Amino acid sequence: MSSRVMRDFDLLLPESIEETIALLARHKDKSAVLAGGTDLLVALKFDYSIDNVISLALVPGLDELDFDPARGLTIGAKVTIADVLRSQDVKDNYPALWQAAQVFATPQLRNTATVLGNILRASPAGDCSAALYATGGSLLLKNAKGCRNIDLDDFWISYGVTARCVDELAISLHVPVPAQGEKSAFRRMTRTTEDLSKINAAVCLQMAGETCHKARVVMGCVGPTLLRLPKVEKMLAGAAVTPELLRDISNVVISEIAPIDDQRSSAEYRNKVAGVLVKRVIEAALNAKENDQ
Amino acid sequence: MKLLNLTINGRKHTKAVSPSMTLLDFLREELNLTGTKNGCDKGACGCCSVMIDDKPMLSCLLPALEAEGAAITTIEGIAKGNALHPVQEAMIEMGAIQCGFCTPAMVINGVHMLAKNNNPDDDEVKECISATVCRCTGYNSIEKALHLAASKMRRAAHDGS
C-alpha cells in the first residue's frame, strides 16, 4: 500500500444535484464534497479524516462554462482550471482570471482542480480566487430548502472557513459582464513556478482614458483570507493613474496587509515586495493591449 | 468495497476496490502496474502521472472509483510490443534517463504533448515537463529528448503521407 495510508472513508457517488443535496443534508459535517480533489485528497492523507466523501463525478449539470455578453460568465462546480485556460471568452473578457489560470500549479493539476474548489478551499493564496475577488462574483449555493446567492465579498470568513453551510452545495459562480473600459490583471511571486504563491495580487480597473473610475485591488498571502486594499482602491478611484500615484500607492500597501512568516516566505519579505507587486499588477492591467497574449 | 470498471491500456478491468484507495495504489498494488511511480504521494512531484481520457492527471490524488468508466494509459501502454514510442527512443538516445524514477511521468506527458503538437517550441517543452520533478538530469537532456522525439514524429508523419 501507499506510504500514506488514508483513514477509510466511504465514497458516495450521487447522480443528480438533488441526490447530492440529500446526502449533504444527511451527513452534514461528517462529509466532504469531492470535485477535483487536489486539495481534499492531500488533506485526507495528512491531517483530516471524514466518514463520507461525496463525489460529483456522476452529477450532471455542473460542467457549464458559459459567457454571455449580456449576462456575464457562469462557471459550474466541475469546471477545471484547464477548461478556463482553454476559453477564448475568458481570455478576452476576464484577463485576470485567465492569467491566474495560466500560472496555476501544473498542467496535470490544472486538468483536475476546479475553479470553485479553489474558492471553497478559502486559502489566502488562491490564485484564481484572487483574480475572481478582483473582478467580483457571486456563488450559487443550494440546499434542500432552496438556493441563495452569496457575493464573494462576503464569502471568505477566515483561513479555510467560508459562509457555506454544511448542507449547501456550491452549484456555480457568476461573474458580472465586464464594465465599459474594464482592465484587469493578475501577478504573483513563487519560489518555483509549480509552487503555491508566496504573494499574489489582482486588480480590476474601470478606465476612461487615463482616469480610473473604480478599482478593486486584491492581495493574497498577506492575511488569513485574501484581502481587498481599500486605501489603494480609494486612491485609484477618480484619479489619473500617473507614475507619482503608483509610487504613492506602492508606499501605502504595507499599511493594509498583515503577512506572517511561513514555509513559503517571511513577513519581512512580503512587506517589502507587496507595494512593488501592486504597482506592477496595475501597470500590467493598464498596459495590456487589446487582444493581448 | 465497491465495483470499479475501467479500461487500462486498452484492456478492460472489473475489480472490487476500497473507496479510499487511490488510482495510483490501484494500479500498483491491485494490477501490479508498477511503472507508475509513487513519489511524494501528495500531488507535488508529478511522478504518478497517467493519462485519464487523454488528459495527464496525477493518480495519487484520485480515488480509484472516480475513474469509473475511464480509459487510462500508463507507461506500460506506451510501447507497442517491443517497438518503443519515439519519446522512449529519444529519452534513451539523449541520456535523459538516469535513476529512472521520473521517466514514466516524463514519457506520459511528452507523448501527450507530441500527440497534439509535433512541433513544440522550447517553452512548450518546458511547460510539458514542468510538473514532474527530476533530481538527476537537470532537465536539459529531457528537453533535448522531447525535441528529438518531435523531429522523429514529424519525419514519420512526412514519410507516411
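All values derive from a computational prediction rather than experimental measurement. So you know, we letter chains A, B, ... as the sequences are listed, proteins then strands, and number each from 1. Note that these values count all heavy atoms, side chains included, but never hydrogens, waters or copies made by symmetry.
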Looking only at A/Asp39, A/Thr38, A/Val53, the option with the highest number of non-hydrogen pairs under 4.5 Å against chain B is A/Thr38
Scored by heavy-atom pairs under 4.5 Å with chain B, the best of A/Leu40, A/Asp195, A/Leu44, A/Leu34 is A/Leu34
Exercise. Just checking, any donor-acceptor pair under 3.5 angstrom between side chains of A/Asn111 and A/Thr80?
Worked result: no
Most contact-rich option vs chain A, by heavy-atom pairs under 4.5 angstrom, among B/Ser18, B/Gly46, B/Cys60, is B/Cys60
One option among B/Glu66, B/Glu68, B/His112 has the most heavy-atom pairs under 4.5 Å with chain A, and it is B/Glu66
* Asked: Centre of B/Phe26's six-membered ring, under 6.0 Å away, within 45 degrees of the axis: is that where NZ or CZ of B/Lys15 sits?
  -> no
Whatever's closer than 4.5 Å to a heavy atom in chain A on B/Ser130 counts as both
So, the part of B/Glu127 with a heavy atom under 4.5 Å from chain A: the answer is both
Report task. Indicate yes or no: does A/Arg7 engage A/Asp51 in a salt bridge with an N to O separation below 4.0 Å. Result -> yes
query = With a 4.0 Å cut-off, would you call A/Glu18 and A/Lys142 a salt bridge?
reply = yes
Paired with A/Val166, the side chain to side chain contact (heavy atoms under 4.5 Å, CB included) test is passed by just one of A/Lys30, A/Lys28, A/His27, namely A/Lys28
